[in-house]
Amino acid sequence: MNVLSKTLKIFAYLSIPMTILVLIGKFYQPEYQMVFSGQGGMLGKNVVVGVVINLIFNIFLLLGAGLVFYGLARLLEREEIK
């Protein structure tokens, strides 16, 4: 197996724990703590919507990057076989 393919697979597999660590880190920010503890009304509707959209965006971005890396690794492996 090619070194590049192995590296891409490692990045793909690390995207799941990286996503979890980013989400844990997000919950230590004051805005996230206020929104998810029920005090989001004090921040305003725009901040609450921004926090939720940012959370969803981070999840899809990191897991999507993992899928792209895995797909590239499989494509490289398939090209090596031919």
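Small disclaimer: the values here were computed from a predicted structure and weren't measured.
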Peer 1: Which residue pairs satisfy the ring-ring contact (aromatic ring centres under 6.0 Å, His included) criterion with at least one member in residues 25-54, sequence neighbours excluded?
Peer 2: F27-F36
Peer 1: Could you measure the distance from the CD1 atom of I53 to the CG atom of N58? Nearest 0.5 Å is fine.
Peer 2: 12.0 Å
Peer 1: Quick one: do Y70 and L8 end up in the same hydrophobic cluster if we chain Ile, Leu, Val, Met, Phe, Trp and Tyr together by side-chain heavy atoms under 4.5 Å apart?
Peer 2: no
Peer 1: Check for me, please, whether L23 and V48 land in the same ILVMFWY cluster - side-chain distances under 4.5 Å, paths through other members count.
Peer 2: yes
Peer 1: CZ/F60 to CG/L55 distance, rounded to the nearest 0.5 angstrom?
Peer 2: 10.5 Å
Peer 1: Indicate if V47 and F57 have the same hydrophobic cluster label, given that clusters are the connected sets of ILVMFWY residues with side-chain heavy-atom separations under 4.5 angstrom.
Peer 2: no
Peer 1: If I take atom CE from residue M18 and atom CD1 from residue I16, how far apart are they, to the nearest 0.5 angstrom?
Peer 2: 10.5 Å
Peer 1: Which pairs count as side-chain hydrogen bond (donor to acceptor under 3.5 Å, both in side chains) when at least one residue sits in residues 38-51, sequence neighbours excluded?
Peer 2: none
Peer 1: To the nearest 0.5 Å, how far apart are CG in L61 and CD1 in I59?
Peer 2: 11.0 Å
Peer 1: Could you tell me the separation between the CG atom of N54 and the CD atom of Q29, rounded to the nearest 0.5 Å?
Peer 2: 8.0 Å
Peer 1: Distance from K9 atom NZ to F69 atom CZ, nearest 0.5 Å?
Peer 2: 14.5 Å
Peer 1: Who pairs with V22 by side-chain contact (heavy atoms from CB on, under 4.5 Å), at least two apart in sequence or on another chain?
Peer 2: K26, L62
Peer 1: Taking all non-hydrogen atoms of both residues into account, name the closest pair between A12 and G66 and its distance.
Peer 2: CB-O, 3.3 Å
Peer 1: If Ile, Leu, Val, Met, Phe, Trp and Tyr residues are connected whenever their side-chain heavy atoms lie under 4.5 Å apart, and connections chain through other members, are L14 and V68 in the same group?
Peer 2: no
